[in-house]
Structure formats: C-alpha cells, structure tokens
Amino acid sequence: MIHLIDSRLHHAVLDAFEATFGKRPKDQQIQIQTTRPEFEGDRTLVVFPLAGMAGAPPHVAAEQLGQVLQERCDWIDGFGVVKGFLNLSLTDACWNEALADALRTPHWGAATPGSRPKVMVEYSSPNTNKPLHLGHLRNIFLGYSVSRILKAAGHDVVKVQIINDRGIHICKSMVAWKAFGQGETPTSTGEKGDKLVGRYYVAFDKALKADIAEGMARGLDAKEAEAASPIMQEAREMLQKWENGDEDVVALWKTMNGWVYDGFDETYKAMGVDFDKLYYESDTYLLGKSQVEEGLKRGVFFQKEDGSIWVDLTEDGLDEKLLLRADGTAVYMTQDIGTAILRFADFDNLDRQVYTVGNEQEYHFKVLFLVLKRLGFAQAESNHHLSYGMVELPEGKMKSREGTVVDADDLMKVMRDTARSISNDLGKVEGFSEAEKDDLAQMVGHGALKYFLLKVAPAKSMMFDPKSSIDFFGNTAPFIQFNVVRCKSILRTTGTQADALSWSEMTALDDSERQLATGVLSFPAVVQEAAEQYDPSLVANHCYDLIKSFSSFYQDHPIAKETNEDIRSMRLALSALVSTTVSHGMAMLGIDMPERM
RNA sequence: GGCCUUGUAGCUCAACUGGAUAGAGCACCUCACUACGGAUGAGGAGGUUUGGGGUUCGAAUCCCUACAGGGUCACCA
C-alpha cells in the first residue's frame, strides 16, 4: 500500500471495473502490489480474483481494464499485461505530487496522535534477585519498540513494568547476604546493586547445593534433603516473617530491593528505555486475593474440600486452574489478576493491555484473560500477550546457575567498545571530543544490538552467538546509520530546507528514483501493519530495504552535483524523505541517528 | 501422550498474509575505486522451501500425514 497513489488506484479500479463489466467488486478483491523490476510498470493489479466476476479469462479482463483505466485516468500513462497481472505505469506528475505531499506532511509515517484508543504495554518484568540478561534485553527492546510503534500508529500508550519483588526467591538472596555478607553494600564495594544482590542469590544456591549433598550422603533423597536444608528453612521462615510484616525483615527487604532498583535504573538508562508507571507485585497480590474470593462468592470460581479456590476452564478447552492455595496464600495467577484489575482501575478508558512476556507463558496468559473475562472485564477480550521466542546460545539455553548467561551490562559495554574501536580504526572520529566519542559509540554499538534483536520476528526464537552474531556491516543498524549520515551530510552542505524545495511536476523519475519513492510512500502503511501485528521487525526490514536502495542510488546518481535544477531538487527531496523516513522508523526501534560517524 | 509453536542457501534471517523466475546479510570468488562521506557499489556461485500427499489459474504460505527441534500441560514465578 503506497500513500495516496494506491487508494486512488483502488477506487479507479472499482469504477473502471463497474463501467466495463457492470458489477462492483468487493474491496477485498482489489490487490495492488509493487511491480516486479523485471517488468515494465509501477503498480500491479492482480486480476485473477476479478476474472470470475468479469466473466472473462484473467489476461483478457486485464487487457480490458487496462484500456479503460488508461482512458479514464490522466495519471496512468501506460499498461502491460502478463498473464493475470496488469502492470500500470504512472505519470511523473503523479509521483511528484505524492512526493511533494509526503514532504509537506509533518512526522511522516505517524498517524494523528490520539486517533486510536489507549493501550498499556508492559515489558521487562524483572525479579529483584538477579541482574538483567540477554533475554531481558530482547524483552525490553521489543516492548519499548512496540509501544513506540503503537504511538506512531495513533494510540495513546502507557508504558509499565511489573516488578517481581516478593516470594521465596527474593528471600534467598536476603538470607545469604545476612549469612555471608558482613554488611557489604554497593557503596562499600563499589558494585552495582543488582550485581551485588545477584551474587548472594548465587551464594544461596551454592550453600543449598552443599546442604543437599550433605543430606543425600546421609541417605535422604533429593527432595527430602532440600526440605531438611538449614539454609532453605531459614529462607522459608523469612518469607513467613515478611508476610507477617516483621519489621527487621521488611527493612532488609526494602534496603536490598533498593540496591537492585538503583542498578536496574542504570541499566535502563543505558538502554535508552523508560516507563510511565511501575507496578509491584507486593502491592497487587492482596487485591488479587480479594478478587478471587469475590469471584468465589459470585459463583464464578469454586472451592475444593481443602479450601483451595479454582476456576474451571474445561468449557474453553483448558483445565481447572488453581487461583488461591488452601492456606490462603497467593500464587502467580493471583497476583496477575490483581495487577490487571488495578491497572484497569488506574486508567479508565484503557482499551487493552499488552504483555511482553516469553512464549513459555502462553498458557498462563490464555488462562489469565479468560479469568478476567469471567470476572466481568470486557477489555480483557482485546488484551494481548506479546509473546516472543527464546534467545538461544550456541551451547543451548541460558542458565544462570551454569554461568551461561549473557549479562546485559556486559554485552552493552562490549558493543560500545567495539563501535568505538571501529570508529577509531576508520579514522572517523578525529576532532571529536571524548563526550562525542562516547555518544557515538553508544548510538552505534547499542543501535547494532537493538537492531539485531528487533529485526527478527518476535515469535521466532533466535540464535545469539557471542563470537559472531553482532555485526556492524550488512543488514545492521550501523549500515543504516552510515547512509542516513551520508544523506544528512548532503542536505547540510547544500543548505537544503526540505519544506522549501520545489521542482517541476514533469520531472522524470528513473527506476531507482521510483523505487525510493515507493519505499518512502509505503512507510505509513508499514507502521500501521507493524502496530496491528505488534511486530517491529516489519519496520526494521523496511528501513533496511529503503536505505539499501538509497545506497545503490547514491552510487551512480549525482545529487548536489546534478546540474539540471529540477532533477537536483527532486533528488534532494528524495534524499530528505529517505533520511526522515528511515530516522523515524529507527526511532521506533529506539535507535538514534548520529549527525556524523 | 494432549495442546501450542517452529522447520526456507553452509550460517543468521526475509518473502507485502495465496501471486509472477523464493530475496537479503555474513562467509567464498570476480570487478569498479582519491568517491556529493568507501562503515561503498556491481556481479558470480550457493534452493526439490524437512519428506510425502491434497486443495486451484497459482502454495514457502491453506488442509492431511510423517519426521525433526522448542515450549507447555506446577499449590514455581
């Protein structure tokens, strides 16, 4: 779908068909696509779906339609028929008009803000017992990017995160810190808070393993040995104290979580992402409990003899699912019910919530949405689980206990350092201040990383080979950035004001110029599609295709040096459009474009 | 075992949701070259789209089936 032209063409085809064959096709039957380069023409109408209604073989109907369209539309100056494909050539005036319109449009690619309903996007959902890793990076970049795409598509967007700050796993690092920490703090060690706490989580695991080994040596099986482990018992006791509001435990919990939040903030800042509002499970699980009990009273849920509360989803093809334990304590689902309801209460007119969570939780979200619906939240129908595949390493899944995690901070640093040394080697940063070099290394290095993670369709699991995955050449952010910089450089040196450019309507566009125009003009439709599919990879790949065309165009088309004034203006306009289109697209991926590199 | 999901060039990914001769990048081999910024461009080679059936004007895409990976079916989160 290219802006202005295709909608115009769509209607022209409907009218021409009706005039020729006496019937009006449905919108669905009109398929317009870009003409393949090996054929003459710009836009192609696929006539096969219309042949039946026309009562003629596809190539005959195509021929007739072509004739009529050419007669009726002064902006179509030729056509060709290949089998059931009608290839239409558009006039230069038609292209120039569409380009001029795009040039006048502010925020090219974005729909009117607020023209679509308000949506909430959740991403990140970290635990407060360990640092962020590569999997979180995919999650966070994906959620952040989707929120920007939704915004560009005209939605109001609220970005939130849920923080998993309670439960036995949190107590583990607290117990270990008390046992082995000797009062260490991030200030005393100079360590990032999340890293410090994570270290004690690992220490707990190590101590637990030792206890289990010792227990098994006494003849217990693995489960019994874990139950008998002294350090495990401590953790359980601490959880009980926490739930009972024990002052010391709560104080320690606040302190250690505070360290982690400081660490996370640093990482989020480096990533270039932010949130509008934070939710904590410690704040929402009680609401979840009361909602479940309420649901039980209303007969939506049922209770077993032991007192546990369940929902029966067999009608929906699922199983019975536990919502509250017999002892009245909350499970994962309880919390999520509470969180969801709280959010609907916090933001009235919220059309839906989008949860960016790994695909291993698909079943969980199916259940959650059904439960919400039964509780009477109609919005839950349009809720969406933005599910994404695992990031796999060559040696398999990441496992924190086996030390095969790729740490988020470390990876970002490697990316910055690599970008920096490449810039240095190429002699690109002479005359840059240290601060400018840092900025550039961050834009390029982090850009490469974000692009790498976002160019793959979310549903797919992806391979990350630390040794060779991340590249700075080819289909990468640095390649895109480089070409945008080149583009900007031309506009800068010519002093071009894009909105002041004018050239003749009759200026002829050659094949590569039309290709650029097509890429620019189809961008708004790509953004809409990406929003509907929650898929940033569509935007990423579109930006790459467009900039690649530009790079090729640049090679053998003079722009600033062109002597024909009309052609020069048209090429400058195209360059400006490519530059802003790609910059907008990349911004939707959270990737910045430098001025020089 | 039930359900979900994936399988495309040596590797990492596309393919406008059923359209024309399945496209890119990396790696490999040619060629262009003091370029309006070479972090470049042009070309070559590389495919029975996991196998087998089916649906139709037309299938990587839809259906059936077999095979292979991943996930899930927790009073973990």
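A, B, ... follow the sequence lines: proteins, then strands. Residue 1 opens every chain.
Against RNA chain B, the stretch residues 316-328 of chain A makes heavy-atom approaches under 4.0 Å through A:Asp319, A:Leu322, A:Arg325.
An OP1 or OP2 oxygen of B:rC75 is reached within less than 4.0 angstrom by no side-chain nitrogen or oxygen of A:Lys304. Dashed line: the shortest gap from a side-chain N or O of A:Tyr554 to OP1 or OP2 of B:rG38 is under 4.0 Å.
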| query | With Watson-Crick and G-U wobble geometry limited to distances under 3.5 Å, how should the secondary structure of RNA chain B be encoded in dot-bracket form, using | for bases paired to another strand and [ ] for crossing pairs? | reply | (((((((..((((.....[...)))).(((((.......))))).....(((((..]....))))))))))))....
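Pairs passing the salt bridge (charged side-chain N to carboxylate O under 4.0 Å, His left out) check and including a residue from residues 471-497 of chain A, sequence neighbours excluded, read A:Lys488-A:Glu595, A:Arg492-A:Glu595. Within the structure, salt bridge (charged side-chain N to carboxylate O under 4.0 Å, His left out) pairs that include any residue of residues 163-173 of chain A comprise A:Arg166-A:Glu243 (at least two apart or interchain).
Residues satisfying the side-chain contact (heavy atoms from CB on, under 4.5 Å) criterion with A:Arg325, sequence neighbours excluded, are A:Leu322, A:Asp327, A:Thr329, A:Val331. When the salt bridge (Lys or Arg N to Asp or Glu O under 4.0 Å) test is applied to A:Glu122, the partners found at least two apart in sequence or on another chain are A:Arg343. Residues that satisfy the salt bridge (Lys or Arg N to Asp or Glu O under 4.0 Å) test with A:Asp535, not counting sequence neighbours, are absent from this structure. A:Asp316 pairs by the salt bridge (Lys or Arg N to Asp or Glu O under 4.0 Å) definition with A:Arg374, not counting sequence neighbours. Residues satisfying the salt bridge (Lys or Arg N to Asp or Glu O under 4.0 Å) criterion with A:Glu513, sequence neighbours excluded, are A:Arg571. Not counting sequence neighbours, the partners of A:His385 by the ring-ring contact (aromatic ring centres under 6.0 Å, His included) test are A:Phe365. Legend: residues meeting side chain to side chain donor-acceptor pair (under 3.5 Å) with A:Thr563, ordered by chain and number and at least two apart, are absent.
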Distances under 3.5 Å between nitrogen or oxygen atoms of protein and nucleotides 17-19 of chain B:
| from | atom 1 | to | atom 2 | distance (Å) |
| --- | --- | --- | --- | --- |
| B:rU17 | O4 | A:Gln533 | OE1 | 3.2 |
| B:rG19 | N7 | A:Gln31 | OE1 | 3.4 |

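Side chain of A:Ser489, nearest nucleotide from B:rC26, B:rG37, B:rA77: B:rG37. Side-chain proximity of A:Phe473 to the nucleotides B:rG37, B:rU40, B:rA77 is greatest for B:rU40.
Under the stacking definition used here (centres under 5.5 Å, planes under 30°), the residue A:Phe482 fails to qualify as stacked on the base of B:rG37.
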